[in-house]
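Let me begin by presenting the structure, written as structure tokens, before commenting on it.
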Amino acid sequence: MVLLKECIMAFIGTIAFALLFSVPGRYYPWCGAIGAAGWLVYRLVSQAGSNRMLAAFLATVLVIILSRLCAVRERCPVTIFMVSGLFPLVPGVGIYWTIYELVMENMDGAIQRGTAALQDAIAIVLGIIFVFELPQKLFSIARRSKP
């Protein structure tokens, strides 16, 4: 039940982020679904005992694959779905707590939290690079016929 609530919040948060970045309204459901799917994979892999870096990587791979498929289907730039879809995965709270620990002069805590945030960021970047190296022809299956 908690996981369902988290996915709903990821869906809503992703749409709010899409709104902030002036994504056209007709793409909101796609953006929300992509963000929620990425969060679901992140949480499931994390709960399965894998490390956070692997969870962030696999969730990013899913987000970018879905973003590329939607971009082909809707004939629009992939960044419309990618940027908002990655929103739930960005380690913003980790960066916040890293700075907090630095201000409180707790260097051990800052190093621990900063390392975790950096690992998440690196996993996200690697996931993006990995999927963008796949040829565009793989995503042409999502192309819909002209109306």
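FYI, side chains are in, hydrogens and waters are out, and symmetry mates aren't considered; it's all heavy atoms of this structure.
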Does [X] share a hydrophobic cluster with [Y], counting links as ILVMFWY side-chain heavy atoms below 4.5 Å and allowing steps through other members?
X    : Y    : value
V125 : L54  : no
I111 : I99  : no
I8   : L40  : no
F132 : I34  : yes
L89  : I129 : no

Can you tell me if R113 uses its side chain to pair, donor with acceptor, with the backbone of Y100 under 3.5 Å?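 Side chain of R113 to backbone of Y100, a donor-acceptor pair under 3.5 Å: no, none is there.
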Donor-acceptor pair, side chain of T98 and main chain of G114, under 3.5 angstrom: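 Such a contact is found between T98 side chain and G114 backbone.
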Could you tell me which non-hydrogen atom of [X] sits nearest to which non-hydrogen atom of [Y], and how far apart they are?
X    : Y    : answer
L66  : A37  : CD1-CB, 3.9 Å
A59  : G38  : CB-O, 3.2 Å
A36  : C7   : CB-O, 3.5 Å
I124 : T60  : O-CG2, 3.3 Å
P91  : A121 : CG-N, 4.1 Å
G127 : V61  : CA-CG2, 4.0 Å

How long is the gap from [atom1] on [X] to [atom2] on [Y], to the nearest 0.5 Å?
X    : Y   : atom1 : atom2 : value
Q112 : W97 : CD    : CH2   : 13.0 Å
R26  : E74 : CZ    : CD    : 7.5 Å
M9   : K5  : CE    : NZ    : 9.5 Å

Residue pairs, two or more places apart or on separate chains, that pass salt bridge (Lys or Arg N to Asp or Glu O under 4.0 Å) and touch residues 38-49: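 Of all non-adjacent pairs touching residues 38-49, those that pass salt bridge (Lys or Arg N to Asp or Glu O under 4.0 Å) are E6-R43.
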Within residues 116-134 or reaching into it, pairs that qualify as salt bridge (Lys or Arg N to Asp or Glu O under 4.0 Å) - sequence neighbours excluded: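 Sorted pair list: R52-D120.
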For R68 and L138, what are the C-alpha separation, side-chain angles and deciding distance, and is it a side-chain contact (heavy atoms from CB on, under 4.5 Å)? CA-CA 10 Å; R68 289 188 72 183; L138 291 177; over 6 Å; no
Parallel, tilted or perpendicular for F87 and F17, by the 30°/60° rule?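 The rings of F87 and F17 lie parallel, inter-plane angle below 30°.
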Is any side-chain heavy atom of [X] less than 4.5 Å from a side-chain heavy atom of [Y]?
X    : Y    : result
Q119 : I122 : no
I95  : V90  : no
I65  : F139 : yes
L86  : M82  : yes

Under 6.0 Å from the CD atom of E105, do we count more than 12 heavy atoms belonging to anything else shown?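 It does not: E105 CD has 12 such atoms or fewer within range.
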Quickly, which of W30, F21, Y27 forms a ring-ring contact (aromatic ring centres under 6.0 Å, His included) with F81? Name it, please.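 When W30, F21, Y27 are each tested with F81, the ring-ring contact (aromatic ring centres under 6.0 Å, His included) holds only for Y27.
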Show the numbers, then the answer: is there a side-chain contact (heavy atoms from CB on, under 4.5 Å) between V23 and V83? CA-CA 10 Å; V23 171; V83 172; over 6 Å; no
